[in-house]
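Only one structure is covered here, and it is reproduced in the block below.
Computation of the quantities below employed the complete heavy-atom set of this structure, encompassing side-chain atoms and omitting hydrogens, waters and symmetry-equivalent molecules. Every chain is numbered from 1, with letters handed out A, B, ... down the list of sequences.
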Number of protein chains: 2
Amino acid sequence: MISNELLKGSLKTIVLKLLKEEGPMHGYALTQKVEEMTRGKIKLTYGALYPILHKLESEKILGTASEIRNNRIRVYYALTPKGHSVVTEKIKELTEFIESLQQIVQPKPGFNYA
Amino acid sequence: MISNELLKGSLKTIVLKLLKEEGPMHGYALTQKVEEMTRGKIKLTYGALYPILHKLESEKILGTASEIRNNRIRVYYALTPKGHSVVTEKIKELTEFIESLQQIVQPKPGFNYA
DNA sequence: TAATTATATTTAAGATTCTTATATATTGCA
DNA sequence: TGCAATATATAAGAATCTTAAATATAATTA
């Protein structure tokens, strides 16, 4: 498993991206989805995830709907209209960041920096 | 330019990778190199870079040699033997992290999570 | 010549974000 | 009955980054 130190900073964008693709999700499902997509390499911790979700909600980037399921509360998070406009920019930024990291870690042979 | 929020966590590995590939470098040169390699998309700030360098030095992962150049001090950082063994692992971890991020942001079509 | 840009390192204060641990509660399986 | 899985929340502390300020010289430009 990848040390989550690396995850710092990109967690927010990952959450937004998943909500965009998958539609409304609850916190626990987000951790499952990320673990599944990365074959167990990235595991979100609840201590990091829930505060991020709450913050995005307070910023009106996410909205919530709660339901009681099996006597357990389940809070679904979904992108607001504002969230939809934010997520596009965030994904673009993360994509560029990934490309930049690759350029450092695995430079394309013959790549000309100038 | 990419917001350095994303950089949190990977800065250390980037520094180690560059010192492995380029040999001893001083702090200012590291900022230049990263900016050049990422075509200006990643800019290291000194407030983030120098504390990291000092910390890696205190952990014996980096060693230093100073020289006076044009009446300005220049501190060269280089991997110690311990640093060489650490950097390999760190780069592997960062590579896996990049792959995982890509799997989330740009999933390969037909990829089977199971 | 004066001003600006580039080179070069350091550190403090504050903000943000993550880790770890704890708390609570139900369902299903062995 | 005990354990694993499901589900959310939060507090304390650690780690890391941002912003700003301090210091100093060389080279370029107006």
Rounded distance in Å - CG (L11(B)) to P (dC17(D)): 5 Å
Heavy-atom check, side chain of I42(B) versus side chain of E35(B), under 4.5 Å: no
4.5 Å side-chain heavy-atom contact, E99(B) and T95(B): yes
ILVMFWY cluster, Y76(A) and L30(A) together (side-chain gap under 4.5 Å): no
Minimum heavy-atom distance between V34(B) and L44(B), given as atom pair plus value: CG2-CD1, 3.9 Å
Integer-rounded Å distance: dT16(C) C1' and L7(B) CG: 15 Å
For residues 77-86 of chain A, please give each side-chain donor-acceptor pair under 3.5 Å, one per line with the distance, not counting sequence neighbours.
residue, atom, partner, partner atom, Å
T80(A), OG1, K60(A), O, 2.6
T80(A), OG1, I61(A), O, 3.2
T80(A), OG1, K82(A), N, 3.3
T80(A), OG1, G83(A), N, 2.9
K82(A), NZ, E59(A), O, 2.9
S85(A), OG, K82(A), O, 2.8

Short side-chain N/O contact to dA5(D) OP1/OP2 from Q32(A), under 4.0 Å: no
side-chain N/O T45(A) vs dT19(C) OP1/OP2, d < 4.0 Å: yes
Considering all heavy atoms, the nearest L49(A)-G27(A) contact: CD2-O, 3.3 Å
Mutual orientation of the aromatic rings belonging to H26(A) and Y28(A) [parallel < 30°, tilted 30-60°, perpendicular > 60°]: parallel
Produce the list of close N/O pairs, under 3.5 Å, pairing protein atoms with atoms of nucleotides 9-13 of chain C; give distances to one decimal.
residue, atom, partner, partner atom, Å
dT9(C), OP1, V75(B), N, 2.9
dT9(C), OP2, H26(B), ND1, 3.4
dT9(C), OP2, G27(B), N, 3.3
dT9(C), OP2, Y28(B), N, 2.7
dT9(C), OP2, Y50(B), OH, 2.7
dT9(C), O5', Y50(B), OH, 3.2
dT10(C), OP2, H54(B), NE2, 2.9

Gap between atoms NZ and C1', on K8(B) and dA14(D) respectively (whole Å): 12 Å
Whole-Å gap separating P (dC18(C)) and CG (L6(B)): 11 Å
Rounded interatomic separation in angstrom, taking CG from L53(B) and P from dA15(D): 18 Å
Close approaches to DNA chain C from residues 12-20 of chain B, in residue order (heavy atom, under 4.0 Å): none
Phosphate OP1/OP2 of dT17(C) contacted by K55(A) side-chain N/O (<4.0 Å): yes
Integer-rounded Å distance: dT7(C) C1' and K43(B) NZ: 16 Å
Working for side chain to side chain contact (heavy atoms under 4.5 Å, CB included), residues L18(A) and M37(A): CA-CA 10 Å; L18(A) 289 179; M37(A) 289 184 92; 3.5 Å; yes
Distance, rounded to the nearest Å, where K33(B) contributes NZ and dA8(C) contributes P: 15 Å
Protein-nucleotide distance (M25(A), atom CE; dA7(D), atom P), rounded to Å: 11 Å
Between E57(A) and T64(A), a side-chain donor and acceptor under 3.5 Å: yes
